[in-house]
Amino acid sequence: MNSICGFMSGVSNVDTPAHRGAGNVLGVTFLFARKVDVVFCNKSNGCKRPFEEGKKNLQLTTGFCDHTKNVCRRGRQTTLEIMMLARGVVVALIVGIVSVSANLDTVERPIQIVQLVPTDDAQVLSLVHLYETGILDFWRAPTKVGATVDVMVDQRQKAQLEAFALENGISTVKTLVTDLEQMITDQESDANWRAKAIKMLHGSGRSRDALEAGMDDFGLSMADYHPYGDIVAWMGRIAARMPTQARVFSIGRTVEGREINGLKIGNPVGDSSKRIIWIDGGIHAREWTAVHTTVYFIYKIINKLQRREADLLKVLDSVELVVIPVLNPDGYEFTRTEPRNALVRMWRKSRSNDRCATDRNGKQTCCKGVDLNRNFDYRWAETGTSFHPCSEIYHGAGAFSEPETRNVRDAILNSDLTGRIDAYVTLHAYSQLWIYPYSNKKQSYPADIADLKKVAARAVNAIGKLFGTRYMHGTGPEIIYAYTGGSSDWAKEKAGIKYSYTIELRPSYYSWNGFVLDKSQLIPTARETYDGIWVVLDTVAREARGEVDPVPVVAPTPARPTTTPRPLAPGECRDVESTDPHFA
Ligand code: 0X9
Ligand code: ZN
């Protein structure tokens, strides 16, 4: 049993049974179902390990008591929330909104993307609460006043969301995509996309990149997405032809029994005296661009290696690359089974077995899947995450409860790679962000943040140089939103990996078609990302060689252009400029 409660350290227990919904795991929903009363958790209310018990700083946050485990877990912690709770504000009732993922059979089409813009702190808070219930699929999570929030809904949910918005005074509610499935179909059936892509690359003077639209030397086209099996077979062909420089490896199996395969690239491969750079993609099933870009990264490196290009050979003198294109192959393959069904194509989580939750009316809902990027042991289940199995951001039954994340953990902490990894780079989509630790709250930094920031600034700069694509860099909560349980925070804090980054690829934060990147943008996206990652390779290799960086450690965040817009990148669509203060 779980209950929603506020935590105020050092204050006595005022919990009552009324605050504990019998069998209720939709703890956060309670916050909306009733007046927000502050409940203080400590040993006397049954929680053996309350958060920060004993401190007397009156730091207040919401969280929940997990009575099955006898622990209290912290939830969000914002000034805004302290204000709200202190005022005892009544937040709108949202218990009626039903998760689509829990009710595939009752979906009311068309599925749409709706955008809301909160205009004051209370509206932001109401949306944050809605986000953390995990009932809806937020393509863009709420962050601050004026920042756009994009949500995928079916017709019933749309009506409920509109009622929710009305009740909370959110007047800006617009439909960004009127029929997501039609949009996917239209994009997928553009027979000319390949020709368009090639023409654009030629037009921008990048004829060499245009060649990549055809088959590579190992039989995979770089212009398209591919089934997981084809990617693994392709890596196998590379390793077979270049056995001294490339080796296929497995970090273990998924829930459905697939091997999670990657490719090690070295010169020669397997030299245990070299430093390691780890690059992965596809932890989120629907983020196909991340898989494509990781595959392309392998392609580009192998191609350079075949040509014996000097800059790469110099890097590989001290560094070995470990690349895993699809960390969540079960999820990825699932999204490929019915790519024109939005509920399949937009699947985010793993495909772990059904887990069930009972709501406050005693109704049970069961769902598959864990958000693997909430399942790592970095402040697991604290912020920007959900304990409802039907949520898109469900964090699982415990840190590393999933085989996929355990495999990553074990490969990093207990294998031939252990102690040698200097960079961890994980690819996601979308928003054009280069994110460094930590993501739990603002101003939460590792001690060597200046080094991470410097390399991030250089990477973003390198990306921009190619086609003019604009990336932001910073910690998650500073440029997008807070969350915990993510892989790159864990890699930094728990595995001690120096350069740990989460990269959100194209399209931009303002984009309305988010996860459905036009195929003509695939090569440009992957190509510019390659240049950004190259900065990490170069940095690690230099440091491994003992070179001192001559550039000072101060790296300004790139300023937002205020005058003439830059030329469009090949294949890129101009997004309507938002009033979003994110980029102010
Ligand atoms: O929420 C996530 O897991 C990632 N974003 S995504 O849209 N690809 O799902 C990572 C967000 C990283 N940024 C933050 N620290 N917020
Ligand atoms: Zn992602």
Side-chain angles (χ1 to χ4, degrees), residues 76 113 128 131-132 134 136-144 147-152 280-294 326-328 331-332 335 346-350 369-376 378-386 391-396 404-405 424-446 452 456 471-493 500-511 513-517 525 529 582:
R76 290 165 312 282
I113 306 297
V128 166
Y131 168 65
E132 290 196 349
L136 297 175
D137 187 353
F138 280 74
W139 282 26
R140 289 271 55 95
T143 51
K144 58 174 96 166
T148 53
V149 176
D150 298 350
V151 194
M152 183 175 99
D280 68 51
I283 194 171
H284 285 145
R286 65 190 173 192
E287 295 167 16
W288 291 7
T289 326
V291 172
H292 173 270
T293 294
T294 318
V326 195
L327 266 188
N328 174 15
Y332 179 67
T335 59
M346 293 304 147
W347 185 261
R348 167 184 168 94
K349 301 187 284 181
S350 70
V370 168
D371 182 350
L372 298 174
N373 207 35
R374 298 291 182 279
N375 190 244
F376 283 74
Y378 169 78
R379 295 175 174 271
W380 179 80
E382 273 189 18
T383 302
T385 164
S386 170
S391 164
E392 293 296 336
I393 49 172
Y394 172 51
H395 50 229
E404 292 86 353
T405 53
Y424 174 89
V425 178
T426 182
L427 301 184
H428 288 253
Y430 60 96
S431 287
Q432 296 173 196
L433 305 171
W434 193 286
I435 298 166
Y436 40 78
Y438 292 110
S439 286
N440 61 318
K441 61 180 179 184
K442 285 181 182 170
Q443 291 173 336
S444 172
Y445 307 120
L452 278 95
Y471 264 61
M472 289 282 290
H473 66 84
T475 72
E478 285 164 3
I479 57 174
I480 177 167
Y481 52 83
Y483 81 104
T484 58
S487 66
S488 61
D489 281 348
W490 174 84
K492 179 66 184 170
E493 196 197 43
S500 187
Y501 296 113
T502 295
I503 305 174
E504 299 276 4
L505 304 172
R506 289 195 204 182
S508 81
Y509 180 88
Y510 304 116
S511 174
N513 58 350
F515 299 109
V516 196
L517 190 74
T525 301
T529 310
H582 246 85

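Start at 1 and go down the list; that is how both ligands and their atoms are numbered. Heads up: numbering here begins at 1 and tracks the sequence. Atoms considered below: every heavy atom in the structure, side chains included; atoms not considered: hydrogens, waters and symmetry mates.
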Subject >> Sub-4.0 Å atoms of ligand 1 with respect to non-hydrogen atoms of Glu287 >> reply: 6 (S), 8 (N), 9 (O)
Original post:
Can you name the closest pair of heavy atoms from Met346 and Val516 and give their distance?
Top reply: CE-CG2, 3.4 Å
Subject >> Distance (rounded to the nearest 0.5 Å) between Thr385 OG1 and Trp380 CH2 >> reply: 7.5 Å
**OP:** For the residue pair His284 and His428, categorise the inter-ring angle as parallel (less than 30°), tilted (30 to 60°) or perpendicular (more than 60°).
**Re:** perpendicular
**OP:** Measure the acute angle between the ring planes of Tyr436 and His473, then classify it against the limits of 30° and 60° as parallel, tilted or perpendicular.
**Re:** tilted
Original post:
Looking only at N/O atoms, are Thr502 and ligand 1 under 3.5 Å apart anywhere?
Top reply: no
**OP:** Starting from atom 1 (O) of ligand 1, locate the nearest protein heavy atom and write down its residue, its atom name and how far away it is, to 0.1 Å.
**Re:** Tyr481 OH, 2.5 Å
Original post:
N/O/S of Glu504 less than 2.8 Å from the Zn ion (ligand 2)?
Top reply: no
Subject >> Atom indices of ligand 1 within 4.0 angstrom of His428 heavy atoms, with elements >> reply: 4 (C), 8 (N)
**OP:** May I ask you to establish whether Arg140 and Tyr430 are in a cation-pi arrangement, using a distance under 6.0 Å from NZ or CZ to the six-membered ring centre and at most 45° from the ring axis?
**Re:** yes
**OP:** Using a strict cut-off of 4.0 Å, indicate which atoms of ligand 1 neighbour a heavy atom of Arg348.
**Re:** 1 (O), 2 (C), 3 (O), 6 (S), 9 (O)
Subject >> Atom nearest to the Zn ion (ligand 2) - His428, N, O or S atoms considered >> reply: ND1
Original post:
Do the side-chain N and O atoms of Tyr378 and Asn440 include a donor-acceptor pair separated by under 3.5 angstrom?
Top reply: yes
Original post:
Which ligand 1 atoms, with their elements, are less than 4.0 angstrom from a heavy-atom of His284?
Top reply: 2 (C), 3 (O), 8 (N), 9 (O)
Original post:
What atoms of ligand 1 come closer than 4.0 angstrom to any heavy atom of Ser439?
Top reply: 14 (C), 15 (N)
**OP:** Output the distance between atom CD (Glu287) and atom OG1 (Thr293), rounded to the nearest 0.5 Å.
**Re:** 11.0 Å
**OP:** State, yes or no, whether a side-chain contact exists between Tyr471 and Gln432 at a heavy-atom distance under 4.5 Å.
**Re:** yes
Subject >> Residues Ser488 and Thr426: side-chain donor-acceptor under 3.5 angstrom >> reply: no
Original post:
Hey, does Ala429 sit under 4.0 Å from ligand 1 if you only count heavy atoms?
Top reply: yes
**OP:** Could you find the nearest protein heavy atom to atom 10 (C) of ligand 1 and give me its residue, atom name and distance?
**Re:** Glu504 OE2, 3.2 Å
Original post:
Just which atoms of ligand 1 are under 4.0 Å from any heavy atom in Ile480?
Top reply: 13 (N), 14 (C), 16 (N)
**OP:** Give the numbers and elements of all ligand 1 atoms closer than 4.0 Å to a heavy atom of Ile435.
**Re:** 12 (C), 13 (N)
Original post:
Looking at the Zn ion (ligand 2), which N/O/S atom of His284 is the nearest one?
Top reply: ND1
